[in-house]
**Q** 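Here it is: the structure, laid out below.
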Amino acid sequence: MRKIKFSKDEGSEFYKELNEQIRNYFDSNQMDKTGNKKMIFKIVLYFTLVFLFYFLMLTSSNLGAFFVFYIGLGISVLLNAFNVSHDAAHGVAVKSKFWNKLLFQLSFNLQGNNAYVWGKNHNESHHLYTNIEGSDIDVLNNPLVRMTPNQDLQWYHRFQYLYVPFLYLFYSLNWFLFREFLMIFNRSSRTIKIMIPAWEVIKLIFFKIAYITYMIIIPSIILPFEWEYVLIAFLLNHFLVSLIFTGVLGVSHLSDYVAHPQPDSKGKLTMSWPKLQMCTSVDYNVTSTFLNWTLGGFNAHALHHLLPNICHIHYIKLLPIFRAVAKKYGVTYMEMSYTQALRSHFRFLKKMGTQVEFKPATYEI
């Protein structure tokens with residue numbers, strides 16, 4: 001992974017005062033930055049939904065109910081990842097380091113994915129070097145989809161805004177079946193190489209086998225339906241989860257408003273780390289209680305990137321401070337409705353498919 005050196009600018013002072021005001025907010029209200037009783041309730045709720053839907057799925061008496069409960073299980077697992085696993089990975093779901101680690105490992109590994117790989121690279125790559133090719137784990141070099149100006153423009157990319165939504169259907173299946181396995185052999189569309197310890201490789205294989213066992217094999221054995229129906233439910237579940245996942249996260253960093261900065265030959269970027277986070281993230285419907293509850297604060301992505309040590313349960317209360325300090329220092333905070341963010345995402349795909357040189361659109365308040 002290419003390490004980057006940052007510069008000082010107005011974002012540096014913005015970030016300094018932001019942290020001071022946030023610290024004062026929690027001190028004056030005698031609150032912890034980690035999850036509160038409301039967060040504990042969410043943790044219990046989402047884990048309960050996962051086990052409840054799994055039980056209902058395994059005891060289904062007809063095919064229609066089976067499909068409903070199977071899809072309900074998949075969505076519950078995704079909501080658990082949004083609300084519990086992500087905050088636990090940052091150590092802020094609860095106060096206890098032990099419980100944060102356990103919650104993260106449990107909720108992530110039971111999806112058939114590897115918690116170590118995602119957690120390490122999410123915190124040490126994506127959060128540090130957002131949208132920087134060669135440093136951010138989430139920047140892809142997929143020949144079918146052009147997502148950075150450095151990637152070669154092919155004739156078929158002009159149609160990517162039309163076929164990419166179809167590819168999004170396979171996001172979670174690709175993650176489960178190929179993404180982590182390819183990382184083991186350093187053959188991945190990721191623009192940085194990943195080293196996975198031998199013990200984590202063993203765990204990776206174990207939990208993938210376990211996932212197939214309780215999501216496909218056990219239902220096929222217990223339920224009075226043909227195994228083909230279980231496989232169809234498995235695929236439909238992944239298609240729906242993939243659409244929700246990419247629909248929630250894709251619009252934040254893949255927008256025609258966001259930048260894809262590149263460092264100079266010495267690895268130095270002409271902006272500060274806080275400014276990088278602000279110019280590479282788009283937030284949507286940030287004051288929505290419903291979206292904060294269901295998406296775990298993923299709709300307030302810029303705020304999260306700058307304040308990953310704070311549980312999402314506090315985001316709505318912190319927004320006035322965040323906006324005011326950004327305005328004071330002239331740092332652009334890009335926030336809009338989800339509809340606007342989605343349109344911007346498709347404009348980005350279209351522009352990246354036709355323009356050799358991509359210049360972000362000017363965000364206007």
Side-chain angles (χ1 to χ4, degrees), residues 1-7 9-12 14-15 86 90 118 120-142 145-153 157 160-161 164 168 171 179 188-194 245-265 267-284 298-308 326 331-336 341-342 344-353 355-363:
M1 179 174 64
R2 181 177 47 164
K3 295 187 177 181
I4 308 298
K5 297 178 182 178
F6 295 96
S7 304
D9 55 24
E10 68 276 13
S12 306
F14 151 71
Y15 188 56
H86 183 232
H90 287 286
W118 186 86
K120 181 177 178 63
N121 291 292
H122 178 73
N123 291 330
E124 297 180 14
S125 169
H126 176 63
H127 265 261
L128 280 179
Y129 308 123
T130 312
N131 274 18
I132 300 178
E133 190 171 4
S135 300
D136 181 359
I137 181 66
D138 287 340
V139 176
L140 303 179
N141 188 9
N142 187 326
V145 186
R146 184 171 183 257
M147 291 192 172
T148 70
N150 287 335
Q151 296 171 8
D152 293 336
L153 178 63
H157 286 145
Q160 68 177 14
Y161 74 100
V164 161
Y168 283 166
Y171 185 88
R179 173 176 167 176
S188 172
S189 59
R190 308 278 144 177
T191 57
I192 63 175
K193 292 184 177 181
I194 307 300
F245 189 86
T246 54
V248 168
L249 298 180
V251 300
S252 292
H253 295 309
L254 300 176
S255 162
D256 69 341
Y257 290 116
V258 306
H260 290 81
Q262 283 297 309
D264 59 23
S265 59
K268 187 171 183 178
L269 204 64
T270 59
M271 65 176 68
S272 63
W273 177 80
K275 190 171 182 179
L276 171 70
Q277 303 309 315
M278 295 295 276
C279 74
T280 56
S281 300
V282 164
D283 288 3
Y284 54 89
F298 270 106
N299 57 313
H301 223 69
L303 191 154
H304 164 67
H305 267 245
L306 284 168
L307 304 170
V331 176
T332 302
Y333 174 41
M334 297 183 285
E335 55 174 319
M336 58 194 70
L342 188 61
S344 175
H345 175 68
F346 278 93
R347 287 197 306 267
F348 168 78
L349 291 175
K350 193 168 185 178
K351 289 178 180 179
M352 289 300 297
Q355 301 175 6
V356 175
E357 297 292 334
F358 172 78
K359 184 179 180 180
T362 302
Y363 174 80

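Reckoned from all heavy atoms, side chains included, excluding hydrogens, waters and symmetry mates. Predicted model only: the values in this text are computed from it and were never measured.
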**Q** How about Met278 and Thr332: do any of their side-chain heavy atoms sit closer than 4.5 Å?
**A** no

**Q** Would you give the length of the straight line joining atom CD1 of Ile4 to atom CE of Met271, rounded to the nearest 0.5 angstrom?
**A**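 Those atoms lie 11.5 Å apart.
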
**Q** Can you confirm whether Asp138 sits close enough to Leu249 that some side-chain heavy atom of one is under 4.5 Å from a side-chain heavy atom of the other?
**A** no

**Q** Ignoring hydrogens, what is the shortest heavy-atom contact between Tyr257 and Thr362? Give both atom names and the distance.
**A**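 Nearest heavy atoms, Tyr257 then Thr362: CE2-O, 3.8 Å.
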
**Q** Angle class for the His305/His126 ring planes (parallel below 30°, perpendicular above 60°, tilted otherwise)?
**A**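 His305 vs His126 ring planes: perpendicular.
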
**Q** Where do Ser12 and Ser272 come nearest, in terms of heavy atoms and distance?
**A**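 Closest approach of Ser12 to Ser272, heavy atoms only: OG-CB, 3.5 Å.
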
**Q** What is the distance from atom CD of Gln262 to atom CG of Asn150, rounded to the nearest 0.5 Å?
**A** 4.5 Å

**Q** With no hydrogens and no angle check, just 3.5 Å: does a side-chain donor-acceptor pair link Thr130 and Asp136?
**A** no

**Q** Taking Glu133 for the side chain and Val139 for the main chain, is one N or O donor matched with an acceptor at less than 3.5 Å?
**A** no

**Q** Find the distance between CE (Met334) and SG (Cys279) and round it off to the nearest 0.5 Å.
**A** 6.5 Å

**Q** Does any N or O in the side chain of Ser344 come within less than 3.5 Å of the main-chain N or O of Asp256, such that one atom is a donor and the other an acceptor?
**A**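 Yes, the answer is positive, given that a donor and an acceptor are paired below the 3.5 Å cut-off.
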
**Q** Between atom CG of Asn123 and atom CH2 of Trp118, what is the distance when rounded to the nearest 0.5 Å?
**A** 7.0 Å

**Q** Heavy-atom distance under 4.5 Å between the side chains of Pro261 and Leu276, does that happen here?
**A**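 Result yes, sub-4.5 Å side-chain heavy-atom pair found.
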
**Q** Are the side chains of Ser7 and Lys268 in contact, using a 4.5 Å heavy-atom criterion?
**A**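 When only atoms from C-beta onward are counted, Ser7 and Lys268 do touch, with a gap below 4.5 Å.
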
**Q** For the side chain of Gln160 and the backbone of Val145, is there at least one donor-acceptor N/O pair under 3.5 Å apart?
**A** no

**Q** I'd like to know if the side chain of Gln277 and the backbone of His127 have a donor-acceptor N/O pair within less than 3.5 Å.
**A**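 Such a contact is found between Gln277 side chain and His127 backbone.
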
**Q** So which atom in Val258 and which in His253 form the shortest heavy-atom distance, rounded to 0.1 Å?
**A**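 Heavy atoms of Val258 and His253 come nearest at CG2-O, 3.2 Å.
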
**Q** Using a 3.5 Å distance criterion without hydrogens, assess whether the side chain of Arg146 forms a donor-acceptor pair with backbone atoms of Gly353.
**A**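 A pair under 3.5 Å: no.
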
**Q** For the atom pair OH (Tyr129) and OG1 (Thr280), what is the distance rounded to the nearest 0.5 Å?
**A** 14.0 Å

**Q** Is the CG atom of Asp152 crowded by more than 12 outside heavy atoms at less than 6.0 Å?
**A** no

**Q** Can you confirm whether Met147 sits close enough to His260 that some side-chain heavy atom of one is under 4.5 Å from a side-chain heavy atom of the other?
**A**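 No; the side chains remain at least 4.5 Å from each other.
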
**Q** Is there side-chain contact between Ser135 and Leu128, with heavy atoms separated by less than 4.5 Å?
**A**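 No - every pair of side-chain heavy atoms lies 4.5 Å or more apart.
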
**Q** Report the residues that fulfil side chain to side chain contact (heavy atoms under 4.5 Å, CB included) with Ser252, sequence neighbours left out, ordered by chain and then residue number.
**A**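 With sequence neighbours excluded, Ser252 shows a side chain to side chain contact (heavy atoms under 4.5 Å, CB included) to Tyr284, His301, given in chain and number order.
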
**Q** Enter the distance from Asp264:CG to Lys5:NZ here, rounded to the nearest 0.5 Å.
**A**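 NZ of Lys5 is found 9.5 Å from CG of Asp264.
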
**Q** Are side-chain heavy atoms of His122 and His86 found at a separation under 4.5 Å?
**A** yes

**Q** Taking the side chain as every heavy atom from C-beta outward, state whether Phe14 and Lys275 have any pair of such atoms under 4.5 Å apart.
**A**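 No, every pair of side-chain atoms sits at 4.5 Å or beyond.
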
**Q** Under 3.5 Å, is there a donor-acceptor pair between the side chain of Tyr363 and the main chain of Glu335?
**A**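 Yes, the answer is positive, given that a donor and an acceptor are paired below the 3.5 Å cut-off.
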
**Q** Partners of Gln355 by side chain to side chain contact (heavy atoms under 4.5 Å, CB included), sequence neighbours excluded?
**A** Lys351, Phe358

**Q** Quick check: closest heavy atoms across Pro263 and Leu269, and the distance to 0.1 Å?
**A**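 Here Pro263 and Leu269 meet closest at N-CD1, 3.6 Å.
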
**Q** Is the Phe245 ring parallel, tilted or perpendicular to the Tyr171 ring (thresholds 30°, 60°)?
**A** parallel

